[in-house]
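One structure is given here, and the rest of the page talks about it.
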Number of protein chains: 2
Amino acid sequence: MSLKYAVLAALLEGEASGYELAKVFDVSLANFWPATPQQLYRELERLAQDGLIEARVVQQERRPNKRMFTLTEAGRRDLDTFAAEPPRRPTAIRDELLIKIQAMDGTDPAVTRELIEERRSWSRGKLDRYERVRDRLLGGRTEEDYLRDADRIGPYLTLMAGITFEEENLRWCERVLAILKQRVALG
Amino acid sequence: MSLKYAVLAALLEGEASGYELAKVFDVSLANFWPATPQQLYRELERLAQDGLIEARVVQQERRPNKRMFTLTEAGRRDLDTFAAEPPRRPTAIRDELLIKIQAMDGTDPAVTRELIEERRSWSRGKLDRYERVRDRLLGGRTEEDYLRDADRIGPYLTLMAGITFEEENLRWCERVLAILKQRVALG
DNA sequence: CACACCTACTCAACTAATTGACTATGGGGT
DNA sequence: ACCCCATAGTCAATTAGTTGAGTAGGTGTG
């Protein structure tokens, strides 16, 4: 149900093909609503049938043709209605690593430490990429100026959520590593 | 695939019925691997068939009978193996509210503010509940003592992850509310 | 100049997750 | 007396999400 609105929200950035959307999703929407390309193609089909988006085929010379999608007025209205309603379901996190941590006490601490270190360096990489997205969004302005003047601040606020989430993640990793070190030193 | 190990990890706490597991899941495992009761019953069936858990029927007097499940040695080994391998997929978050925030720029700021305030008070409630779980786990000991002496610290580390996550969430809400206030004051 | 990767998808099969109804008994409140 | 909630589940239907293969030309790399 929500994938529908995630796609409509992505199209607020302007016309896009399924392929382009898949990439946009991968770097931004995926942070709070992941979807595979196949899911997107199916959803786009449905949305076009329901008249919430419009498709036009763009002939290309040295590439396969593509279908570009735009929000219709109906789509925009539907999305605005959705955006004003309280969420139907709370945030859901699925994190395999935390299952492993929950069950870690039967495992060699050195192995667990490695898992946490991997997570930490992954989070660092993610934060770096977020920083670059942030710079692109701000386009030279200070955050203050941007938040005062920009037409759309939604994408920036969700980016902020992603950044604080990864920072938290990093702090948690550091904390766990310190605890594991202590335990190994004593145990 | 991971639900399997989430269930096995839950059974590290000891024997439980499907019904009890559903409740345990709701308050602890659900924080990083949500599952409905129906999912759990099916998974327990499969795990029992695969010999990773054992079921025994407990006759009850004034209640329906129940089946209690315990980890078998095979189950424990399987779980330990899982816990030592790097995760196959990265953390996935699904958060309807963030879709709404992404699309918020067509919405009355006062309505958006309410959504954020709801999230904030929900996070506060969650944090309170986490605090109580924490106190129960520590059982009077200081965190330091607990982390040094306890047999199993996995559940505590995942609880810590939940706590830092909600704290971060709260900070993000405050931040967004401040920004919205600014914007309304100016716009 | 071979080989892998990029664009831009489609199709089919499968597993996982959600929703709602149903069974049956007991206890507490109005 | 009636209704709802708690216990302890089962069953069936539907939707959502995953995986892997296939198509077909173009581009970049050693």
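Numbered from 1 within each chain, the chains take letters A, B, ... in sequence-line order. Everything numeric in this text was worked out from a predicted model, so none of it was measured.
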How long is the line joining [atom1] of [X] and [atom2] of [N], in whole Å?
| X | N | atom1 | atom2 | value |
| --- | --- | --- | --- | --- |
| B/Leu21 | D/dA8 | CG | C1' | 13 Å |
| A/Lys23 | C/dA8 | NZ | P | 7 Å |
| A/Lys66 | D/dG26 | NZ | P | 16 Å |
| A/Arg94 | D/dT18 | CZ | C1' | 13 Å |
| B/Asp26 | D/dA8 | CG | P | 16 Å |
| A/Leu3 | D/dG17 | CG | C1' | 10 Å |
| B/Gln59 | D/dG9 | CD | C1' | 15 Å |
| A/Gln60 | D/dT27 | CD | C1' | 15 Å |

With a 4.0 Å cut-off on N to O distance, would you call [X] and [Y] a salt bridge?
| X | Y | answer |
| --- | --- | --- |
| A/Asp78 | A/Lys4 | yes |
| B/Glu20 | B/Lys23 | no |
| B/Asp95 | B/Arg119 | yes |
| B/Glu45 | B/Arg67 | yes |
| A/Lys100 | A/Glu118 | no |
| B/Glu131 | B/Arg134 | yes |
| A/Glu13 | A/Arg152 | yes |
| A/Glu143 | B/Arg175 | yes |

Open item on the list: Between the opening five pairs and the closing five pairs of the helix from C/dC1-D/dG30 to C/dT30-D/dA1, how far apart are the helix axes, to 10°?
Closed with: 40°
Check the surroundings of atom [atom1] in [X]: do more than 12 heavy atoms from other residues, nucleotides or ligands lie under 6.0 Å from it?
| X | atom1 | result |
| --- | --- | --- |
| A/Arg148 | CZ | yes |
| B/Gln182 | CD | no |
| B/Glu54 | CD | no |

Task: Sugar-phosphate, base or nothing in reach of A/Arg88, heavy atoms under 4.0 Å - done: nothing
Open item on the list: Over all strands shown, is B/Lys4 touching base, sugar-phosphate only, or nothing at heavy-atom distances under 4.0 angstrom?
Closed with: nothing
Task: Residues within residues 33-44 of chain B bordering DNA chain C, heavy-atom distance below 4.0 Å - done: B/Thr36, B/Gln38, B/Gln39, B/Arg42
Open item on the list: For DNA chain C, which residues of residues 12-20 of chain A approach it to below 4.0 angstrom with any heavy atom?
Closed with: A/Ser17, A/Gly18, A/Tyr19
Task: Any donor-acceptor N or O pair under 3.5 Å, side chains B/Lys126, B/Asn31 - done: yes
Task: Side chain of B/Glu45 (C-beta onward), nearest among C/dT10, C/dT7, D/dT10 - done: D/dT10
Task: Residue closer to the 5' end of DNA chain D, A/Arg63 versus A/Met1 (nearest nucleotide) - done: A/Met1
Open item on the list: If you compare every side-chain N and O of B/Arg89 against the phosphate oxygens of D/dT19 (OP1, OP2), does one of them come in below 4.0 Å?
Closed with: yes
